[in-house]
Amino acid sequence: QVQLVESGGGVVQPGGSLRLSCAASGSRFSINRMGWYRQAPGNQRELVADITSGGAINYVDSVKGRFTISRDNAEKKVYLQMNSLKFEDTAVYYCNVWTSRGPTWGQGTQVTVSS
């Protein structure tokens, strides 16, 4: 059983930055893909970025050049550095981790971009 603890959400002005962190624990299995999803009110949950254990990275087009995903395999942590935040980035952000047993979701952390 994997447990995920997220942190780093908050309220920021347009153009500002936030850094999300997600720490995984309790897994007896190797962690494969780690990623971040987000869901805004009335919208479906969408993939923001993910990173494999080998370091391959994927971003949704709307965040390319502004967000950076990284991971610390030894610490079982994944980060999302979000720069140049826009109103449309407002959403609940969820950490997602895959092991050989399947996916696990974090509880979500609110990111609000507001002037």
Side-chain angles (χ1 to χ4, degrees):
Q1 193 82 357
V2 179
Q3 292 84 43
L4 301 177
V5 177
E6 301 159 343
S7 61
V11 180
V12 64
Q13 292 185 339
S17 298
L18 285 173
R19 187 184 193 224
L20 305 183
S21 299
C22 175
S25 63
S27 176
R28 296 169 50 223
F29 305 95
S30 296
I31 294 176
N32 300 321
R33 185 169 63 89
M34 306 181 82
W36 291 93
Y37 286 70
R38 67 185 178 186
Q39 187 167 19
N43 290 355
Q44 290 187 330
R45 190 172 297 188
E46 66 169 354
L47 174 67
V48 177
D50 62 12
I51 180 168
T52 68
S53 57
I57 292 173
N58 178 49
Y59 294 103
V60 67
D61 285 346
S62 60
V63 308
K64 286 180 180 177
R66 300 188 298 121
F67 290 11
T68 302
I69 190 171
S70 61
R71 65 187 281 174
D72 183 328
N73 289 329
E75 295 292 326
K76 297 183 179 180
K77 292 181 178 179
V78 62
Y79 305 97
L80 186 68
Q81 178 66 43
M82 305 185 293
N83 298 328
S84 302
L85 282 159
K86 303 177 180 180
F87 292 120
E88 52 264 41
D89 295 318
T90 295
V92 178
Y93 284 70
Y94 297 90
C95 178
N96 171 263
V97 166
W98 279 82
T99 69
S100 59
R101 289 298 186 95
T104 299
W105 293 92
Q107 79 282 2
T109 184
Q110 178 70 45
V111 171
T112 301
V113 183
S114 174
S115 56

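Values below: all heavy atoms of this structure, side chains included; hydrogens, waters and symmetry mates excluded. The structure displayed is predicted, hence computed values, not measured ones.
- With a 6.0 Å radius and a threshold of 12 heavy atoms from other residues, nucleotides or ligands, Glu88 has its CD atom above the threshold.
- No side-chain heavy atom of Val78 sits less than 4.5 Å from a side-chain heavy atom of Ile31.
- To the nearest 0.5 Å, atoms CG (Asn58) and OG1 (Thr52) are separated by 10.0 Å.
- Looking at Gln110 and Thr90, their side chains come closer than 4.5 Å, going by heavy atoms from C-beta outward.
- Taking Arg45 as the reference, nothing meets the salt bridge (charged side-chain N to carboxylate O under 4.0 Å, His left out) condition, with sequence neighbours excluded.
- Across all their heavy atoms, Val97 and Met34 have their closest contact at CG2-CE, 3.8 Å.
- Listed here is the closest heavy atom pair of Ala91 and Ala40: CB-N, 3.8 Å.
- A distance of 7.5 Å separates NZ of Lys77 from CG of Asp72, quoted to the nearest 0.5 Å.
- Sorted by first then second residue, the disulfide (SG to SG under 2.5 Å) pairs that include residues 40-85, not counting sequence neighbours, number zero.
- Side-chain N or O atoms of Arg66 include one that pairs as donor or acceptor with a backbone N or O of Ser84 at under 3.5 Å.
- Interatomic distance, CE of Met82 versus OG1 of Thr68, reported as 11.0 Å (0.5 Å rounding).
- Atoms CD1 and CH2, on Ile69 and Trp36 in that order, are 8.0 Å from each other to the nearest 0.5 Å.
- Closest of all the heavy-atom pairs between Gly9 and Leu20 is N-CD2, 3.6 Å.
- By the 4.5 Å heavy-atom criterion applied to side chains, Arg71 and Ser53 are counted as neighbours.
- Hydrophobic clustering (side-chain heavy atoms under 4.5 Å, transitive across Ile, Leu, Val, Met, Phe, Trp, Tyr) groups Tyr93 together with Val113.
- For the pair Thr112 and Val11, the minimum side-chain heavy-atom distance is below 4.5 Å.
- Screening residues 4-21 for side-chain hydrogen bond (donor to acceptor under 3.5 Å, both in side chains) gives Ser17-Asn83 as the qualifying pairs, with residues at least two apart or on separate chains.
- Linking Ile, Leu, Val, Met, Phe, Trp and Tyr residues whenever their side-chain heavy atoms come within less than 4.5 Å leaves Leu47 and Ile57 in two separate clusters.
- Partners of Arg38 according to the salt bridge (charged side-chain N to carboxylate O under 4.0 Å, His left out) rule, which considers only residues two or more places apart in sequence or in another chain, are Glu46, Asp89.
- For Asp61, the side-chain hydrogen bond (donor to acceptor under 3.5 Å, both in side chains) partners two or more places apart in sequence, or in a different chain, are Lys64.
- Hydrophobic clustering keeps Val111 apart from Tyr37 (ILVMFWY residues linked when any side-chain heavy atoms are closer than 4.5 Å, directly or through intermediates).
- Atom CZ of residue Phe67 and atom CG of residue Leu85 lie 5.0 Å apart, to the nearest 0.5 angstrom.
- Here the shortest heavy-atom pairing between Val2 and Ala24 reads CG1-CB, 4.2 Å.
- Sorted by first and then second residue, the pairs that involve residues 61-115 and meet disulfide (SG to SG under 2.5 Å), not counting sequence neighbours, are Cys22-Cys95.
- Val63 and Val92 are not part of a single hydrophobic cluster, where members link through side-chain heavy atoms under 4.5 Å apart.
- We find the CG-OG1 distance between Leu80 and Thr109 to be 11.0 Å, quoted to the nearest 0.5 Å.
- Considering only heavy atoms from C-beta on, Asn96 stays 4.5 Å or farther from Asp50 through its side chain.
- Heavy-atom minimum distance, Gly108 versus Tyr94: CA-CD2, 3.6 Å.
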